[in-house]
Each structure stands twice: as structure tokens, then as C-alpha cells.
2 protein chains.
Amino acid sequence: MHSYTEENYLKALFNLANEKGEVSANELSKKLEIKMPTVNSMMKKLADKKLVHYESYKPLRLTEKGKKEAGLVIRKHRLTEMYLVQKMDFGWEQVHEIAEQMEHLHAPDFFEKMAEMLGYPTIDPHGSPIPDKSGKIDWRHYEKLSDCKAGDTVKLSAVINGTDEFLKFLNTRELQLGVKIKIKIVEPFDGSMLVSYNKKTGETLSHTVAERLLVELVK
Amino acid sequence: MHSYTEENYLKALFNLANEKGEVSANELSKKLEIKMPTVNSMMKKLADKKLVHYESYKPLRLTEKGKKEAGLVIRKHRLTEMYLVQKMDFGWEQVHEIAEQMEHLHAPDFFEKMAEMLGYPTIDPHGSPIPDKSGKIDWRHYEKLSDCKAGDTVKLSAVINGTDEFLKFLNTRELQLGVKIKIKIVEPFDGSMLVSYNKKTGETLSHTVAERLLVELVK
DNA sequence: ATATTTTGTTAGATGAATCTAACTTTATAG
DNA sequence: CTATAAAGTTAGATTCATCTAACAAAATAT
Ligand SMILES: [Mn+2]
Ligand SMILES: [Mn+2]
Ligand SMILES: [Mn+2]
Ligand SMILES: [Mn+2]
């Protein structure tokens, strides 16, 4: 099996590769807060294990095997988060750090039991898709709230860059997944939005917030 | 904080010290399946951290600090086992390996939530006491079934040397914690016992089994 | 009491994961 | 196009946890 360390590299590669197509050693180094030479030698090691395609001075790419292994780690992470929220009553802002550790447990029966108890969920508490048992992700096509226009009615489906601080901020605004948001005005100057949802009739969301909220158009 | 590795040494020292008073480097080496020189240098390291009293050629003893830290790891282990059995429907023979990993999580809120959901249990699924939040253990006084005599009625309160195989064996005999056992005959030759419990009127338990069952006298 | 066995210690090596310093290649800006 | 900056690589050191081989002390057996 892969070490705790290797698993964290695979996961970081996977997540970065989904925002962009390929990953530079530099990005990976910054994401993991590990210096470049260390990343470099780990990439060679993962290449030996056929988890990463490595060529000098070229961007990094996970192999199919690498994607699968990464997907399985992410599955454990997201199942854990869902379990903590659904079955142990944690807030969505409290679960990431715990899942960051639990994702490295080698305990298939435990994760299978969690999945079963949760009814085989397909998204985690932040709206991110949970990879299936083969590590495959079923990608959704959401758009950023900040890309929507006045008059649109949307459903909040996921949050990105979901730091605990940001999630706590959303709590104070009663912005949970599933909330229907009507966009009343989009300010051209700063991209801030005047919206209504739940019983609130005039809440303002900054562009910074709106671009971290992923939504689906409704009606 | 302490590393995964250090925690395992502390836990092993603690458990060995409870069977005997002190622990030899040799026993510890065998228990952990780690060679003596490795154990030796780890003991010096733990001594530097004031977790172990170390003197050349003398038996090993945990300091008060060491006992506390070990107790806290064991607390996490046993709370986890109890949670897995009570809340996730695992069998008592399925939980040790998972707990062996989860005991190393640094997630106080998670373990506190488990304790709360379980109603602050004082024993784990195998009848072993769960240390409190300060790492202290409330020792019970049980005796081995093998030390009881014909005519005694006892309650099964804990199992020792509870390997998964042994626990599965107990499952086949319907021997769960709390079962009331009447001792009908003790064979002088091999120490085997003829007992009755539940609706069974004449089950035989070998000495090997009886000395792994801890009981309390009833009536 | 001495010899043998067991236990404990020291010394030195290894592999994993990390770092810093120095160098090379590629990208970017005048 | 060169010059500079950024990104990537190589070399060598460090820390942790492990090992084997050799040696020393303590326990045990004759
Ligand atoms: Mn997360
Ligand atoms: Mn992690
Ligand atoms: Mn256990
Ligand atoms: Mn452990």
C-alpha cells in the first residue's frame, strides 16, 4: 500500500489537476507546503510506482492508476466528512481536519459501513462529489453564482475554497446547500449581488463570496 | 505531540506494566515485534521526554506523565471500539484493528463526541476499562473463570487475550459479556469445566478458554 | 565458581521524508 | 535577442525509525 505521505501527494495532484489540466511541480510544492526538491524526488518515486507520468521540465500528470488511487483517498475523505455531519452532528466547518487524518486509515470495512449507513451518498457536505469504489468521480456542471445574472433563480449546490472561516461565515448568513437564491441586482462596479433567499429579502453578497458559491439554475 | 510510533511504545509499556509491575526491554521488544536495539534507543528518547524512567540494565517504568499519555491513547482505542460496536454494528471481533489505527488520530472533538454519544462508557466491548479524560483507569477486580469452583455462579465481565479468533469462538458458543454461567463440574485432570448458561445445560469449556474469561461472582 | 545463556548496550548502516545550497533549464521582459 | 526571473534539478545534510553485528552485563545452570 501507499504511505500516508504518498497519499497526500496523490490527493493534492488530483485536486490541482481538476482545476487546471496539468500540474506544475511548483504548484504542488506550494499546495503541500513542501519544498521543490522534496516534491521532485517524490515525483520520481511515484513515477517508479507508475502513479505519475514524470519527464524532466514537463508538467506532472497522474497515470490512470494514480487517478484511481487518489480517487479512493478522496472517497475516504468525503465519506468521512459526510458521516461526521450526518451521523455525529458536526458542522460542515468542523469536519475537514478530522477527515484529513481519517482518509489515511486502511480499513475498508469501516468505510464501507459508513457508506452503507449514509445510503451510498454521491456528494459530501460541501457539495463535492464522492468518488465511487473504483475511484471514479461523477462530475457535475455547476456554475459560480458570480457568473449568474440579475433575475436568475438558483440553488446553492456546492462551495469551493471552503475554509472553515468561509463556512462559518455562510452559517451566519443561513446559507446552506439547497437554499434557493433569487438574484435581484448585480452591481457592475464590484460584482456584488443583492439577493433574496429563505425569509431574507435583501442580502448583499460580495463578489469574493459569490465566486465561491456553485449553483444550479432552477425553473 | 507524540508520534504514532511513540504512542505505540507507550501503550505497549502501559499494557505490559499492568500484567507485571515492571517491563523488561525484552518483553517490550517481543510485544512490539521490534528489535532490542531499536527499543533501547526509543527508551532513551522517551526518557529524554520524561515519559519513561530509564537506567541501564534496569527494568523499564513509565513516569506519571508517561502513564497519563498512554492512558489517553488507550482511551481513544477503547472509545473507538465501543463506538464501532454500539453505533456502527460491528462485532467485538472486528474492531481491534480499526481502533489500533484510529487511536492515533489527533482529534479531541471527535473522541469527545463519541464519548458523549455513548453516554460516557466506562468499559469497552471486551470488558476492559476505558481511562477517563485524564488518562486514569478505574481498575475492576475480576477473577478468571478457571479459578472458580464447582457450584459457583458467575457473570462474564471481560475477556483477556481477546484475539479475533478467540472472540469468534466465543460467538459460536453464545458467550457474550453479561452472560450468567453456572459451574457444574471442574475436571481435575485438565481443568476443563462443565457449565450451563442461557438455555445451554451442558457446555464444556477447556482450561485454555476458562483462563481467558474474567468473571464476577453473583448471589 | 565457572561456563553458558539470556538480556541489554553500543556502533554503524539503511530507507523514508524532509531540508538548504548550488546549478540548469525554461519562461518573461526589455 | 539577450538579460533576468522563475521553475526545475542535483547534491549533500538531517531526523526518525528501523536493522545487523559485535560486545558487555546479568541471570542461570552445572
Ligand atoms: Mn475536506
Ligand atoms: Mn491527509
Ligand atoms: Mn483493542
Ligand atoms: Mn496503534
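Proteins come first, then strands; the chains are lettered A, B, ... in the order of their sequence lines, and each starts at number 1. Just so you know, these numbers come straight off a predicted model, no measurement behind them.
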Study note, to complete from the structure: Rounded to whole Å, the CD1-P distance (I34(A) to dG8(D)) equals 16 Å
Exercise for review: Measure the distance from CE on M36(A) to P on dT26(C) and round it to the nearest whole Å.
Suggested key: 14 Å
Exercise for review: Using whole Å, report how far NE2 of H2(B) lies from P of dC16(D).
Suggested key: 14 Å
**Study point:** D124(B)-W92(B) side chain donor-acceptor pair, cut-off 3.5 Å
**Key:** no
Practice item. Check whether any side-chain N or O of S24(A) sits under 4.0 Å from OP1 or OP2 of dA7(D), and answer yes or no. Key: no
Review point. Base, sugar-phosphate, or nothing for T5(B), non-hydrogen atoms under 4.0 angstrom?
Key: sugar-phosphate
Practice item. Verify the distance criterion only: is there a donor paired with an acceptor across the side chains of S24(B) and N26(B) at less than 3.5 Å? Key: no
Review point. To the nearest angstrom, how far is M43(B) atom CE from dC16(D) atom P?
Key: 15 Å
Review point. What residues form a side-chain hydrogen bond (donor to acceptor under 3.5 Å, both in side chains) with E211(A), not counting sequence neighbours?
Key: H207(A)
Review point. Nearest-Å distance, NZ (K44(B)) to P (dG8(C))?
Key: 13 Å
Exercise for review: Answer yes or no: does a side-chain N or O of N26(B) lie under 4.0 Å from OP1 or OP2 of dT6(C)?
Suggested key: no
Review point. Where the side chain of K30(B) is concerned, which of dT18(D), dT7(C), dC19(C) is the nearest nucleotide?
Key: dT7(C)
Review point. With sequence neighbours left out, what residues match H96(B) under ring-ring contact (aromatic ring centres under 6.0 Å, His included)?
Key: H77(B)
Check your understanding: Is the shortest distance from a Lys or Arg side-chain nitrogen in K67(B) or E64(B) to a carboxylate oxygen in the other one below 4.0 Å?
Key -> yes
Study note, to complete from the structure: Note: for P37(A) and Y4(A) on DNA chain C, the residue whose nearest nucleotide lies more 5' is Y4(A)
Practice item. Rounded off to whole Å, could you give me the CD-to-P distance for the E33(B) and dC19(D) pair? Key: 10 Å
Review point. Salt-bridged, R140(B) to E216(B), with N to O below 4.0 Å?
Key: no
Point to revise | Of residues 47-62 of chain A, the positions that come close to DNA chain D - non-hydrogen atoms, cut-off under 4.0 Å | key: Y54(A), S56(A), Y57(A)
Point to revise | Value in whole Å for how far the P atom of dA16(C) lies from CE of M42(A) | key: 9 Å
Point to revise | Nearest non-hydrogen partners of R78(B) and P129(B), listed with the distance | key: NH1-O, 2.7 Å
Revision key, fill the gap. Of the candidates dC19(D), dT18(C), dC19(C), the side chain of K35(A) sits closest to dC19(C)
